[in-house]
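Whatever order the structure lists ligands and atoms in, that order sets their numbers, starting from 1.
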Amino acid sequence: MDQYSTALDRAHEHALDWLSSLDRRPVSPQASIDQVTQALGVALPDDGSDPAEVIDLLAEASDPGLTAMPSGRFFGFVIGGTHPAALAADWLVSAWDQNCGLRRVTPAHSAVEDVTGTWLLDLLGLPSGSAVGFVTGATMANFTGLAAGRDAVLRGAGWDVARRGLNGGPRVRVLVGAERHDTVDLALRYLGLGSPEPVEVDGQGRLRTDALQSALSEGSNEPTIVVLQAGNVHSGAFDPFPEAIAAAHAHSAWVHVDGAFGLWAAASPSHRRLVMGSEEADSWATDAHKTLNVPYDCGLAIVRDPAALRAAMGMHGAYLIHDELGEPFDKVPEISRRGRAFPVWAVLRSLGRSGVAGLVEGLCRHASAFAAGMDDIAGATVLNDVEFTQVCVTFGTDERTEEVVRRLLADGTAWMSGSTWQDRSVLRISVSNWATTENDVERSLDAIRKAVLGL
Ligand SMILES: Cc1ncc(COP(=O)(O)O)c(C=O)c1O
């Protein structure tokens with residue numbers, strides 16, 4: 001016990017030092033990979049060390065090389081922070097060290113996973129009775145939903161992919177908006193389905209239903225999957241779910257929704273309209289480590305028909321203890337896994353329904369404040385309709401925009417990355433952290449103003 005106690009005490013202290021440093025430290029890391037490597041030391045020691053000393057060395061060597069991702073002024077990629085209840089629960093996940101693949105072997109996690117799954121379906125407005133799998137992130141949630149879809153549409157064509165594989169089977173068509181997230185393509189590669197057929201999008205990156213209609217009617221009766229998006233990574237835009245899903249279902253296609261961050265609009269009464277109709281799809285992918293602010297890594301794969309998911313992911317082992325209700329591992333690609341439902345339960349229990357709505361609305365309010373703040377920054381133009389959490393800004397020419405991004409990152413007050421959207425260089429702002437305050441937005445706008453000065 002002494003070894004646990006001293007090591008955990010040190011970890012607790014370092015964690016609090018880190019969290020309390022977030023408001024004042026630069027968001028960008030202050031040490032290079034080489035510097036951290038040198039501080040850690042490269043040689044594997046012949047002899048062991050005390051765990052508490054190892055934790056001190058790890059924390060001290062790593063500290064300058066940490067990016068302040070949980071800071072309220074980190075707006076890169078789509079990266080949430082960590083809610084205190086989720087973080088504390090995540091520590092217990094490690095201490096409890098449950099392998100949560102088998103339902104009866106870890107009753108505490110199974111109970112929490114059942115309750116959390118029901119809460120999630122309720123908050124996300126998805127059909128009750130859908131299967132909810134806890135995966136590593138939206139990439140694997142896309143993979144999981146699309147695996148269930150691939151197998152189902154092939155089964156509908158009389159082909160048992162689980163037994164026969166893909167070789168010699170019917171081709172599966174996959175239609176997806178031209179501005180899908182790249183992980184959809186990655187998931188399709190894992191599934192042996194190759195590249196999807198891109199469907200034309202509008203000026204906000206939303207799939208055009210007329211283009212989808214004509215693509216669907218051009219094909220014969222091939223097994224088909226349509227992938228829609230809730231939350232474009234640049235504009236935050238949402239595909240037109242009611243029309244697109246009706247068109248896809250009229251052609252017996254499986255519909256999967258990639259809602260890595262956008263599906264959470266459903267939890268807010270004022271933003272629910274953005275995802276209206278998405279509940280008619282067959283599978284959904286979202287993350288808890290983005291909008292819900294649980295620590296990495298936690299994604300959610302949701303499939304309307306639990307049997308379809310189990311057909312794609314289920315397995316049986318003679319040495320395993322099986323439960324007649326099915327196993328948590330029947331809903332995800334891997335067998336062994338950590339207790340991912342514990343932190344999700346903790347944040348939902350701590351926030352409650354109104355707190356989750358408030359979290360989503362706060363992110364959207366800050367994104368709107370960023371967009372409004374651009375009005376008095378010379379040369380800045382917001383390119384997207386800011387309906388959700390994403391803001392894309394140009395500062396005139398691509399060169400000027402790229403220079404602003406460079407200066408901002410060097411300054412370190414806020415962290416926002418550059419990207420290219422619809423053939424223009426942009427500064428991308430993604431508001432995903434529960435901890436962001438009005439003051440963080442003001443400080444970040446000031447940093448942008450400073451970066452623009454003298455251009
Ligand atoms: C729309 C969308 N889909 C999928 C992903 C991949 O998510 P993850 O990094 O959790 O695998 C992202 C990440 O930002 C995303 O925005």
Begin from the C-alpha positions of R310 and D151 and carry the test salt bridge (charged side-chain N to carboxylate O under 4.0 Å, His left out) through to its verdict. CA-CA 11 Å; R310 199 167 171 177; D151 292 11; over 6 Å; no
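An N or O contact shorter than 3.5 Å links A138 to ligand 1 by distance. By the 3.5 Å distance cut-off applied to N or O atoms, D287 is counted among the residues near ligand 1.
The protein heavy atom nearest to atom 15 (C) of ligand 1 is H181 CD2, 3.2 Å. What sits closest to atom 4 (C) of ligand 1 on the protein, heavy atoms only, is T183 OG1, 3.1 Å. D258 OD2, 2.8 Å is the protein heavy atom nearest to atom 3 (N) of ligand 1. What sits closest to atom 7 (O) of ligand 1 on the protein, heavy atoms only, is K290 NZ, 3.0 Å. In this structure, the protein non-hydrogen atom closest to atom 11 (O) of ligand 1 is T139 OG1, 2.5 Å.
Ring geometry for F241 against F238 counts as perpendicular: the plane angle is over 60°, on a 0 to 90° scale with 30° as the lower cut.
For F342, the ring pair (Phe, Tyr, Trp, His ring centres under 6.0 Å) test picks out W96, H109, with sequence neighbours left out.
Using a distance-only test at 3.5 Å, with no hydrogens or angles considered, a donor-acceptor pair links the side chain of S430 to the main chain of F77. Remark: the backbone N or O of K290 is paired with a side-chain donor or acceptor of N293 at under 3.5 angstrom. Side chain of R304 to backbone of E279: a donor-acceptor contact under 3.5 angstrom is found.
Residues W264 and F388 place their aromatic rings such that the two centres sit no closer than 6.0 Å.
Close approach of ligand 1 to F261 (heavy-atom distance below 4.0 Å) involves ligand atoms 16 (O). Residue V78 has at least one heavy-atom neighbour below 4.0 Å for each of these atoms of ligand 1: 14 (O). The distance from ligand 1 to the heavy atoms of G137 drops below 4.0 Å at these ligand atoms: 10 (O), 11 (O). The ligand atoms of ligand 1 that sit less than 4.0 angstrom from a heavy atom of V233 are 16 (O).
Salt-bridge check for E327 with R103: failed, with every basic side-chain N at 4.0 Å or more from each acidic carboxylate O.
Of the heavy atoms in M140, none comes closer than 4.0 Å to ligand 1.
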